[in-house]
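Throughout, a chain's letter reflects where its sequence line sits, starting with A, and its residues are numbered from 1.
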Number of protein chains: 2
Amino acid sequence: MTQDKVISFSSIKIDCKSCNLTTLCLPLGLESAEIGRLEEIIKRSRPLHRGDQLFHAEQGFHSLYVIKTGSVKTFLPEPDGGEQVLGFHLPGEVIGMDGIESERYHCSAKVLETSAVCEVPFDRLEALTHDIPSLQHQLYRLMSKEIGQETDMLALLGSKSAEERLAAFVLGLSERFKRRGFSATDFHLSMSRHDIGSYLGLAVETISRLFSRFQEEGLLKVERKHLQLTNLAGLQAMAKGCGLEPRRQKHGG
Amino acid sequence: MTQDKVISFSSIKIDCKSCNLTTLCLPLGLESAEIGRLEEIIKRSRPLHRGDQLFHAEQGFHSLYVIKTGSVKTFLPEPDGGEQVLGFHLPGEVIGMDGIESERYHCSAKVLETSAVCEVPFDRLEALTHDIPSLQHQLYRLMSKEIGQETDMLALLGSKSAEERLAAFVLGLSERFKRRGFSATDFHLSMSRHDIGSYLGLAVETISRLFSRFQEEGLLKVERKHLQLTNLAGLQAMAKGCGLEPRRQKHGG
DNA sequence: CGTACTATTGAGCGCTCTCAAAACCAGTGG
DNA sequence: CCACTGGTTTTGAGAGCGCTCAATAGTACG
């Protein structure tokens with residue numbers, strides 16, 4: 001029960017010990033009575049499995065979802081049945097905030113591996129943020145952070161080469177795993193090469209070729225879904241476009 | 001004074017008659033006393049001119065800014081002095097929300113033409129949203145909308161060809177001018193070709209060439225900064241990638 | 001052990017890039 | 001008024017990155 005409290009509390013707070021997520025946010029400083037109220041509105045879900053869909057684009061919006069364990073991808077469905085991947089989400093992260101404006105989800109969300117996810121009905125959360133100013137502030141911060149992250153992604157897609165994008169991608173994952181207390185150099189890719197390609201605006205084949213090249217260059221080792229980063233500094237240099245030989249173009253040249 | 005009230009009210013409401021912006025949002029339904037309180041916190045600014053900077057990336061965050069007239073671009077400064085353009089902002093739009101999370105602006109904002117901009121200190125706005133639930137809801141919606149728009153841009157950059165991007169861009173501008181009560185087919189581009197290219201992830205030369213080609217194809221007429229859309233349906237088809245001849249790639253192949 | 005899906009690798013091409021230069025425009029000062 | 005200067009836009013030529021197509025290998029599942 002105490003354990004449950006911690007989980008519920010931290011699900012919103014995004015500062016969740018049970019999710020190994022201790023540094024993302026400032027403490028909320030809620031009173032225990034307030035924690036209880038927050039707990040009340042959170043629906044715990046049974047385990048979800050690979051391919052399960054949390055919500056669909058255009059579907060009526062009611063709740064935010066907090067990833068507790070596992071991973072989730074968000075994407076924009078395309079008319080031809082394809083998926084434009086928008087992001088990969090790890091424990092402690094919140095999705096669904098794009099649905100508030102129109103009261104319909106803007107994107108779809110699909111579970112990448114067996115995962116646990118909390119549902120937080122937004123109308124009740126909104127009412128609670130009205131009663132608890134620090135929670136209100138936290139929600140503003142959360143949405144602001146989302147905007148900033150998408151902004152960074154726009155810059156990546158707008159001006160980086162394929163190798164810069166992939167290097168930045170694996171380093172981003174590394175950083176996020178590290179914050180969660182997992183290894184920063186050794187982790188599992190729950191998404192397919194296809195999803196990575198879609199996310200980075202590249203073809204599947206390009207992802208595969210780059211992984212092979214990075215491995216040849218000793219930057220990392222990749223075996224199917226397992227990734228081991230063997231030269232973080234080299235990857236960082238590559239992500240910044242400061243590769244050994246000066247290159248300065250996205251593609252073409 | 002009544003006129004001023006309308007402006008202040010609508011600056012936050014994003015439903016501003018004086019900005020020709022009547023359809024963007026639902027009414028807030030504020031009491032006149034509440035309107036007064038909102039008015040109090042808004043700082044009106046003197047006119048700004050082309051090149052004036054509203055805020056810089058990494059600078060301490062204190063306020064949101066609402067464009068009243070003119071236009072503003074937001075961008076991420078690059079180490080080499082370049083600018084990765086993130087968006088162009090028209091009257092009624094709010095910028096600076098990316099600064100809430102870290103209490104530093106995430107991007108920079110520069111005025112594109114003579115403009116009027118309201119400053120809204122965020123701490124005071126936040127306090128006010130606590131007192132006025134409908135205002136709180138409106139701010140959530142505003143941030144949610146921003147997330148959705150950036151999402152759409154990610155999809156554009158991730159999977160569209162150059163011609164699809166430019167067609168979508170001019171149509172997006174057209175739509176936004178239309179909502180503001182201006183002509184949807186005849187308007188002024190306050191940003192340079194360079195800015196458009198950066199925004200769309202394309203080279204300046206590509207923008208210029210595409211404008212020329214679109215003109216040859218009778219889709220639009222362009223003369224320096226003046227744009228006239230002569231075939232909206234054709235542009236829409238092009239933006240969707242349903243051009244006359246089937247094409248299905250971003251670049252290459 | 002067959003079927004379907006995912007990943008890898010190769011061959012070839014074209015979209016969009018870079019480089020380069022000319023045309024055009026705006027502002028300044030003589 | 002015009003030459004000068006700096007910036008923006010246009011246009012051309014050529015090249016390369018990342019694409020598509022295609023085929024092979026590896027993996028998952030029944």
Is a side-chain donor or acceptor of B:Ser115 paired with a backbone partner of B:Leu48 at a separation under 3.5 angstrom? no
Any [X] side-chain N or O less than 4.0 Å from OP1/OP2 of [N]:
X	N	value
A:Arg193	C:dT8	yes
B:Thr206	C:dC15	no
A:Ser212	C:dT9	yes
A:Lys225	D:dT27	no

Where does the angle between the aromatic ring planes of B:Phe177 and B:Phe182 fall among parallel (under 30°), tilted (30 to 60°) and perpendicular (over 60°)? perpendicular
Measure from the side-chain heavy atoms of [X] and tell me the nearest of [options].
X	options	answer
A:Leu202	D:dG18, D:dT10, C:dA7	D:dG18
A:Ala203	C:dC25, D:dG12, D:dT20	D:dT20
A:Arg209	D:dT20, D:dG18, C:dA20	D:dT20
A:Ala162	D:dG18, D:dT20, C:dC25	D:dG18

So for B:Glu163 and C:dC15, does any side-chain atom that can act as donor or acceptor lie under 3.5 Å from a complementary atom in the base? no
Please give, in whole Å, the distance from [N] [atom2] to [X] [atom1]?
X	N	atom1	atom2	answer
B:Leu112	D:dT8	CG	C1'	15 Å
B:His194	C:dC17	NE2	P	12 Å
A:Leu157	D:dG18	CG	C1'	15 Å
B:Ile207	D:dT9	CD1	P	11 Å
A:Phe211	C:dT8	CZ	P	8 Å
A:Glu205	C:dT9	CD	P	13 Å
B:His226	D:dT9	NE2	C1'	17 Å
B:Glu216	D:dT10	CD	P	12 Å

Do B:Phe88 and B:Tyr199 come close enough that some side-chain heavy atom pair is under 4.5 Å? yes
Report yes if the side chains of B:Phe211 and B:Leu227 come closer than 4.5 Å at any heavy-atom pair, otherwise no. yes
Checking all strands, does B:Ser192 fall into the base, sugar-phosphate, or nothing category for heavy-atom contacts under 4.0 angstrom? sugar-phosphate
Heavy-atom nearest nucleotide on DNA chain D taken for A:Glu223 and for A:Val204; more 5' hit belongs to A:Val204
Of the options B:Glu146, B:Glu150, B:His106, which is the one that meets A:Thr151 in a side-chain hydrogen bond (donor to acceptor under 3.5 Å, both in side chains)? B:Glu150
